[in-house]
Amino acid sequence: MYESYSRQALPDKKYREILGAALYVFNSNYDFLIENILHIKDKLQLKDDIDWWNLMNLEAGKLKRKLQQDSSFEPYREFFDHHPSLMGEFNHLKNRRNRIVHSFTAASDHDSHKQVLYSLDPKTKEQEEITEAYLLKFIKENEEFSLRLGEFRNEILNNV
């Protein structure tokens, strides 16, 4: 499929729409996670260099590592340690998002006239088509994570 803005072959409009939504909801949750970190900072009245701009410039994997290993994140880590599944879910979503972002284009195995994305599993080297179902599941998982982040925020604001 071609559009007036590109002479390159593109996936169909519905696939592009779902793909865009998948990336958007992950980014929204990343922002929400950072918002929660800043709520912890405010509640604990921490005087450190951690701010919105520094956090937003971190790649998702680097934020996860900082929360787990960096000594400047110790007060935050203590709070996240009470919610171990939260970072586990974030890591799962980050890995799924990476599969989308680091994908390659090809014709679908199911319809050779349809352009889609494929991902190569870094461990098994197996190719996987990033189907609409994969993207919709990713969107749903992000919705569930967003609800958990909302609960986490309420706990921060009400119980710290």
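- Atoms OG1 and NZ, on T131 and K137 in that order, are 10.0 Å from each other to the nearest 0.5 Å.
- E17 meets the salt bridge (charged side-chain N to carboxylate O under 4.0 Å, His left out) test with no other residue; sequence neighbours excluded.
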Test side-chain contact (heavy atoms from CB on, under 4.5 Å) applied to E74 and R77, step by step: CA-CA 5 Å; E74 184 68 33; R77 186 167 41 255; 2.5 Å; yes
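- Residue F145 comes nearest to N29 through the heavy atom pair CD2-ND2, 3.7 Å, listed as atom of the first residue, atom of the second, then distance.
- Scanning all heavy atoms of the two residues, the minimum distance from L63 to L33 falls at CD2-CD2, 4.0 Å.
- Under the 4.5 Å side-chain criterion, counting only non-hydrogen atoms from C-beta, L10 is in contact with Y5.
- Scanning for ring pair (Phe, Tyr, Trp, His ring centres under 6.0 Å) contacts around F90 gives an empty result, with sequence neighbours left out.
- Minimum heavy-atom separation, L117 to T105: CD2-CG2, 3.7 Å.
- The side-chain hydrogen bond (donor to acceptor under 3.5 Å, both in side chains) search around H92 returns E141, not counting sequence neighbours.
- Contacts of K66 classified as side-chain contact (heavy atoms from CB on, under 4.5 Å), with partners at least two apart in sequence or in another chain: L58, D70, F73.
- The heavy-atom pair separating K43 from I156 by the smallest distance is CE-O, 3.5 Å.
- In this structure, M87 is not a member of the same hydrophobic cluster as L147, with clusters built from ILVMFWY side-chain heavy atoms closer than 4.5 Å.
- Annotation: ring pair (Phe, Tyr, Trp, His ring centres under 6.0 Å) contacts of F152 (sequence neighbours excluded): F79, F80, H83.
- Every side-chain hydrogen bond (donor to acceptor under 3.5 Å, both in side chains) that Y76 has, sequence neighbours left out, goes to D48.
- Linking Ile, Leu, Val, Met, Phe, Trp and Tyr whenever their side-chain heavy atoms come within less than 4.5 Å leaves L19 and Y24 in two separate clusters.
- Counting non-hydrogen atoms of other residues, nucleotides and ligands closer than 6.0 Å to CD of E59 gives a total of 12 or fewer.
- Residues forming a side-chain contact (heavy atoms from CB on, under 4.5 Å) with Q45 (at least two apart in sequence, or on another chain): none.
- Side chain of N158 to main chain of N154: a donor-acceptor pair is present (N/O by atom type, distance under 3.5 Å, no hydrogens or angles).
- Both tests pass for R96 against the ring of Y134: distance under 6.0 Å to the centre and angle within 45° of the axis.
- Take R153 and apply the side-chain hydrogen bond (donor to acceptor under 3.5 Å, both in side chains) test, not counting sequence neighbours, and it matches E35.
- D49 meets the side-chain contact (heavy atoms from CB on, under 4.5 Å) test with no other residue; sequence neighbours excluded.
- In terms of the side-chain hydrogen bond (donor to acceptor under 3.5 Å, both in side chains) criterion, residue partners of S85 (sequence neighbours excluded) are, by chain and number, R148.
- For D42, there are no salt bridge (charged side-chain N to carboxylate O under 4.0 Å, His left out) partners, not counting sequence neighbours.
- The NZ atom of K125 lies 6.0 Å from the CG atom of L120; values are rounded to the nearest 0.5 Å.
- Between F26 and N98, every side-chain heavy-atom pair lies at or beyond the 4.5 Å cut-off.
- Of all the heavy atoms in I139 and A21, the pair that sits closest is CD1-CB, 3.9 Å.
- Under the rule for a side-chain contact (heavy atoms from CB on, under 4.5 Å), the partners of D109 that lie at least two apart in sequence or sit in another chain are Y118, E129.
- Atom CG of N36 sits about 5.5 Å away from atom CZ of F32, to the nearest 0.5 Å.
- When atom types are taken as modelled, the side chain of N91 and the backbone of K64 share no donor-acceptor pair closer than 3.5 angstrom.
- L55 CG to Y30 OH: the interatomic distance, rounded to the nearest 0.5 Å, is 7.0 Å.
- V25 has its side chain out of reach of E143: every pair of non-hydrogen atoms, C-beta onward, lies at least 4.5 Å apart.
- Shortest non-hydrogen contact noted between I18 and L135 is CG2-CB, 3.4 Å.
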